[in-house]
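Written below as structure tokens is the structure these notes are about.
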Amino acid sequence: MYQMLSLFMKKPLLTLTLFTIILLFAVISLSPSSPFSQIPLNYSIGGESDIWSAKRILDWRPCKWWLQAHLTALPAESNGYIRVDCYGGLNQMRRDLCDGVGVARLLNATLVLPKFEVAAYWNESSGFADVFDVDYFIQQLKGFINVVKELPAEIASKEPVRVDCSKRKGQFDYVESVLPSLLEHRYISITPAMSQRRDRFPLYAKAALCQACYSALRLTAVLEKKSNELLEAIPKPFLSLHLRFEPDMVAYSQCEYSGLSQASMKAIDAARGDRKPFTGETARVWRSRGKCPLTPNETAFILQSLLIPKNTNIYLAAGDGIMELEGLTSVYTNVVTKSSLLSGEDFTNMHGNTKAALDYYVSINSDAYVATYFGNMDKMVAAMRAYKGLYKTLFLNRKDFAEFTSQGLKGKELMAALKKAHRDDFVMGRGSALPDCFCDFKL
């Protein structure tokens with residue numbers, strides 16, 4: 001050490017050079033564009049760590065029976081052809097398709113490319129092939145179920161016989177109720193029953209469902225290119241936030257809110273129609289069950305409770321109809337949307353389904369994902385993130401928020417209670433994947 005010090009004293013030029021190099025490295029390290037400044041979404045505020053720093057006890061991984069199911073040979077002959085008719089938004093249709101693939105495998109049918117019925121929902125006409133890569137879909141399902149683009153000539157000229165099972169309640173049995181129609185007509189269309197429990201499927205049918213949902217659905221090349229363009233434009237690292245506070249969402253919930261702007265109240269009233277908000281004890285019980293969407297202001301408060309820094313880059317995975325958005329953006333100022341980052345005719349001409357696909361793609365590739373609801377998109381995104389090994393996924397707990405506020409908790413007390421409740425959810429992996437295709441894995 002003494003020899004090194006003597007060397008620097010004898011050679012001041014060497015000392016100056018070394019000092020310059022150290023100073024230059026420090027400047028580069030602190031530069032916003034430096035790779036050393038790209039810290040992960042883990043922060044410490046006042047000695048406390050944010051939600052993502054909590055050590056998880058349990059994670060969800062794809063079940064072995066699914067990943068090894070391709071070893072089960074398909075029957076030599078098919079019982080006929082099934083087309084799955086899907087309705088609603090993109091993620092609802094995706095859910096229907098996944099269930100439909102499982103049903104088709106259960107009934108030993110050949111799957112026809114699904115039909116997306118989107119006109120009533122989006123007022124547009126984009127189909128399955130406008131969103132998803134058809135050839136990839138067929139290739140990935142090989143060994144799980146047979147899929148065809150075209151029907152045999154003797155069937156192609158006919159419309160499928162519609163077998164309605166979408167509104168069935170209770171323990172609806174496809175083998176008893178649908179298989180006879182399939183054997184008789186050889187070509188049927190179905191929309192799966194929402195009430196049908198997937199755990200009643202044999203493993204080979206569940207495996208086909210899982211493979212369709214999480215391995216076989218890839219966006220078209222054009223849509224994936226646009227999605228990557230959007231992903232690249234978002235400042236990193238970032239949190240994808242799926243916020244639901246649109247007029248129709250609030251109207252459907254039948255929840256009452258105070259303190260909203262006149263414009264928001266007018267929009268909600270217009271969307272309600274005959275669906276009036278609950279009042280009195282019914283309203284209290286409904287809210288205590290976590291049925292009321294979080295406002296942007298409530299969302300910002302919970303994020304602060306979880307010690308998510310106010311300068312976090314947030315991608316808002318939502319449409320353009322979010323009300324009271326300033327309740328979020330006045331606290332978290334680095335909020336971006338697809339509309340703010342993308343331009344050009346190709347984006348403005350995109351339909352509801354293709355725009356929803358952009359939000360989905362960004363969310364399954366984000367550094368963290370937070371949802372204020374537990375809808376179809378949230379379930380799909382959470383499961384897909386688990387499939388990809390991305391575990392910074394959290395559903396904000398509306399039930400706990402309602403319970404704590406009804407107890408009169410405010411300010412720091414409310415924040416502390418929310419932090420503990422959400423930390424417990426995150427540690428145990430609650431809501432981070434659907435149990436249909438994923439098995440819990442203790443760390």
Side-chain angles (χ1 to χ4, degrees), residues 62-87 93-117 127-166 172-193 196 198 200-220 380 387 436-437:
C63 297
K64 290 182 179 180
W65 52 256
W66 159 24
L67 299 180
Q68 298 173 356
H70 65 281
L71 301 176
T72 304
L74 291 170
E77 293 186 9
S78 168
N79 287 330
Y81 297 85
I82 287 181
R83 187 186 75 193
V84 183
D85 294 347
C86 308
Y87 297 84
M93 291 193 293
R94 180 173 178 151
R95 182 205 65 195
D96 287 346
L97 172 58
C98 297
D99 288 342
V101 170
V103 172
R105 179 66 182 91
L106 173 69
L107 302 181
N108 184 28
T110 299
L111 188 71
V112 180
L113 290 179
K115 182 180 181 182
F116 277 12
E117 296 281 5
F128 179 78
D130 295 311
V131 180
F132 297 111
D133 185 329
V134 171
D135 291 330
Y136 185 82
F137 179 73
I138 295 173
Q139 176 63 36
Q140 289 297 109
L141 285 175
K142 279 187 176 179
F144 290 88
I145 190 172
N146 291 324
V147 186
V148 295
K149 289 183 181 179
E150 298 180 355
L151 290 163
E154 66 273 15
I155 297 178
S157 60
K158 303 176 183 178
E159 279 295 308
V161 173
R162 174 72 178 163
V163 180
D164 184 16
C165 49
S166 61
F172 180 63
D173 193 312
Y174 287 101
V175 175
E176 290 183 2
S177 304
V178 179
L179 183 57
S181 295
L182 177 65
L183 293 173
E184 178 183 356
H185 301 288
R186 299 288 296 169
Y187 180 30
I188 65 172
S189 68
I190 64 167
T191 298
Q196 174 65 41
R198 294 166 171 174
R200 294 194 180 97
F201 286 5
L203 288 184
Y204 62 83
K206 286 180 66 177
L209 180 155
C210 299
Q211 184 72 2
C213 248
Y214 307 114
S215 291
L217 291 175
R218 183 175 73 181
L219 299 181
T220 64
M380 290 292 181
Y387 181 67
D436 302 296
C437 305

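We're numbering straight along the sequence, starting at 1. For the numbers below, each heavy atom of this structure counts, side chains included, while hydrogens, waters and symmetry mates do not.
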* Dump the intermediate steps for side-chain hydrogen bond (donor to acceptor under 3.5 Å, both in side chains) on Ser78 and Arg186, then the final yes or no. => CA-CA 9 Å; Ser78 168; Arg186 299 288 296 169; 5.5 Å; no
* More than 12 heavy atoms from other groups under 6.0 Å of CD on Glu154 -> yes
* To do: Mind listing the closest non-hydrogen atom pair of Ser181 and Ser177 along with its distance?
  => OG-O, 4.5 Å
* Please report the closest heavy-atom contact between Met93 and Glu117, naming both atoms and the distance. => SD-N, 4.1 Å
* Asked: Taking it one step at a time, do Cys437 and Cys210 satisfy disulfide bond (SG atoms under 2.5 Å apart)?
  -> CA-CA 6 Å; Cys437 305; Cys210 299; 2.0 Å; yes
* Evaluate the side-chain proximity of Val178 to Val103: yes if any heavy-atom separation is below 4.5 Å, no if none is. => no
* How far apart are the C-alpha atoms of Gln139 and Arg218, what are their side-chain angles, what is the distance that settles it, and do they pass the side-chain contact (heavy atoms from CB on, under 4.5 Å) test? -> CA-CA 11 Å; Gln139 176 63 36; Arg218 183 175 73 181; over 6 Å; no
* **Positive for side-chain contact (heavy atoms from CB on, under 4.5 Å) with Ile188, one of Val161, Val112, Leu179** => Val161
* **Test item: Asp133 side-chain N/O and Thr220 main-chain N/O as donor-acceptor pair under 3.5 Å** => no
* Asked: Quick check: are the SG atoms of Cys98 and Cys213 less than 2.5 Å apart?
  -> yes
* Closest approach of Pro180 and Val175, non-hydrogen atoms and distance? -> CD-O, 3.5 Å
* Lys115 bridged to Asp85 by N-O distance under 4.0 Å -> no
* To do: Check whether any side-chain heavy atom of Val134 lies under 4.5 Å from a side-chain heavy atom of Leu113, and answer yes or no.
  => yes
* To do: Answer yes or no: is there a side-chain heavy-atom contact under 4.5 Å between Thr110 and Val147?
  => no
* Point-to-point distance, once rounded to the nearest 0.5 Å, from CD of Gln211 to CG of Leu217 -> 10.0 Å
* To do: Using a 4.5 Å cut-off on heavy atoms from C-beta on, say whether the side chain of Phe137 contacts that of Phe132.
  => no
* Counting N and O atoms only, with roles assigned by atom type, does the side chain of Asp130 sit under 3.5 Å from a partner on the main chain of Gly127, one being a donor and the other an acceptor? -> yes
* Looking only at heavy atoms, which two atoms of Ala208 and Leu141 are closest? And how far apart? -> O-CD2, 4.1 Å
* **Check against side-chain contact (heavy atoms from CB on, under 4.5 Å), Phe144 and Val101** => CA-CA 9 Å; Phe144 290 88; Val101 170; over 6 Å; no
* Give the ring-plane orientation class for Tyr214 versus Trp66, where under 30° counts as parallel, over 60° as perpendicular and anything between as tilted. => tilted
* To do: Could you tell me whether a side-chain N or O of Arg105 sits under 3.5 Å from a main-chain N or O of Lys206, the two making a donor and an acceptor?
  => no
* Structure fact -> For Tyr136 and Ala216 the tightest heavy-atom approach is CD2-O, 3.5 Å
* Asked: What distance separates Leu182 CG from Tyr174 OH, expressed to the nearest 0.5 Å?
  -> 13.5 Å
